[in-house]
Amino acid sequence: FVMLFVIAFLLINPIAKKADIPVKAEFIIVLNWDPEADDDLDLWVVRDDEKAVGFTNRENAPLHLDRDDLGTSNDKIVIDGQTEIIKSNRETVTIRGIVPGNYYIAVHAYSKKAVTVPYTITVLKVNPFKQVYSIQGELTFKREIQQTPAFTVDATGRVRAVFQHFKDIAPMKQGVGQWL
């Protein structure tokens with residue numbers, strides 16, 4: 001009876017389809033700001049005219065928001081019953097697989113308490129490892145949205161261009177603070 005139960009249980013679990021297995025990361029886009037800051041910045045990325053990836057839409061293949069940081073409010077973790085504070089303000093979006101197109105990036109001051117919030121955006125190519133670019137900026141008012149350089153990926157996974165853009169990709173009107 002036990003043997004039949006084990007066999008039946010094994011047959012119930014479906015075999016993972018190839019599409020369910022995550023593809024390795026080809027690019028990582030990282031937003032960093034002061035680890036001591038209470039401010040909540042958001043990273044938004046979109047490929048061509050697809051739906052943007054950010055905290056309200058964490059995935060739109062090949063883009064995946066891997067970490068949505070809320071400032072210091074989510075820096076606490078519990079390890080073996082002890083509360084530890086990990087001071088890090090970082091959001092990351094990965095591009096899994098090689099998908100040609102233009103990738104547009106923006107930073108959004110969702111909740112800003114400091115007078116100014118300096119930040120750094122770094123775009124990394126993983127395979128082979130190479131820094132595409134790293135740029136610093138500063139947000140000065142609540143709900144501010146700043147576009148950072150976009151980049152173009154070809155069918156071989158090479159970055160063909162890095163360029164400035166003015167594409168509205170975050171789902172908020174700049175400076176207004178109302179959801180679209």
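Residue numbers start at 1 and run along the sequence shown. What's counted below: heavy atoms across the whole structure, side chains too, no hydrogens, waters or symmetry copies. What you see is a predicted model, and the numbers here were worked out from it, not measured in a lab.
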Could you grab the distance from atom [atom1] of [X] to atom [atom2] of [Y], nearest 0.5 Å is fine?
{"X": "Ile28", "Y": "His64", "atom1": "CD1", "atom2": "NE2", "answer": "12.5 Å"}
{"X": "Gln146", "Y": "Ile121", "atom1": "CD", "atom2": "CD1", "answer": "10.0 Å"}
{"X": "Phe166", "Y": "Tyr104", "atom1": "CZ", "atom2": "OH", "answer": "12.5 Å"}
{"X": "Asn60", "Y": "Leu65", "atom1": "CG", "atom2": "CG", "answer": "12.0 Å"}
{"X": "Ile105", "Y": "Lys167", "atom1": "CD1", "atom2": "NZ", "answer": "13.0 Å"}
{"X": "Ile29", "Y": "Thr94", "atom1": "CD1", "atom2": "OG1", "answer": "8.5 Å"}

Check your understanding: Do NZ/NE/NH1/NH2 and the carboxylate oxygens of Arg143 and Asp42 come within less than 4.0 Å?
Key ->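 A salt bridge is absent here (no side-chain N lies under 4.0 Å from a carboxylate O).
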
Check your understanding: Would you call Arg96 and Asp66 a salt bridge, taking side-chain N to carboxylate O under 4.0 Å as the test?
Key -> yes

Would you say [X]'s side chain and [Y]'s backbone share a donor-acceptor pair under 3.5 angstrom?
{"X": "Glu50", "Y": "Arg47", "result": "no"}
{"X": "Asp34", "Y": "Tyr119", "result": "no"}
{"X": "Tyr133", "Y": "Pro149", "result": "yes"}

Hydrophobic cluster membership, [X] vs [Y], 4.5 Å side-chain cutoff:
{"X": "Val132", "Y": "Leu43", "answer": "yes"}
{"X": "Val93", "Y": "Leu124", "answer": "no"}
{"X": "Val30", "Y": "Val126", "answer": "yes"}

Review point. Is the CZ atom of Arg160 crowded by more than 12 outside heavy atoms at less than 6.0 Å?
Key: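 Atom CZ in Arg160 is crowded, with more than 12 foreign heavy atoms closer than 6.0 Å.
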
Contact summary for [X] and [Y], nearest pair of heavy atoms:
{"X": "Leu41", "Y": "Ala109", "value": "CD2-CA, 3.8 Å"}
{"X": "Thr116", "Y": "Pro118", "value": "O-CD, 3.7 Å"}
{"X": "Pro100", "Y": "Ala155", "value": "CG-CA, 3.8 Å"}
{"X": "Ala25", "Y": "Asn127", "value": "O-ND2, 3.1 Å"}

Check your understanding: Are a donor atom and an acceptor atom from the side chains of Thr120 and Asn32 found within less than 3.5 Å of each other?
Key ->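 No pair is found: no donor N or O on one side chain lies under 3.5 Å from an acceptor on the other.
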
Check your understanding: What residue among Val45, Leu31, Val107 forms side chain to side chain contact (heavy atoms under 4.5 Å, CB included) with Thr148?
Key ->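 Exactly one candidate clears the test, Val107.
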
Report yes if the side chains of [X] and [Y] come closer than 4.5 Å at any heavy-atom pair, otherwise no.
{"X": "Pro62", "Y": "Ile95", "value": "yes"}
{"X": "Lys51", "Y": "Val46", "value": "no"}
{"X": "Tyr103", "Y": "Thr152", "value": "no"}

Check your understanding: Can we call the ring centroids of Trp44 and Phe55 under 6.0 Å apart?
Key -> yes

Practice item. Please confirm whether Phe151 and Phe27 have ring centers closer than 6.0 angstrom. Key: yes

Practice item. Determine which pairs satisfy salt bridge (charged side-chain N to carboxylate O under 4.0 Å, His left out) with at least one residue from residues 117-139, sequence neighbours left out, and list them in order. Key: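 Those involving residues 117-139 are Glu26-Lys125.
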
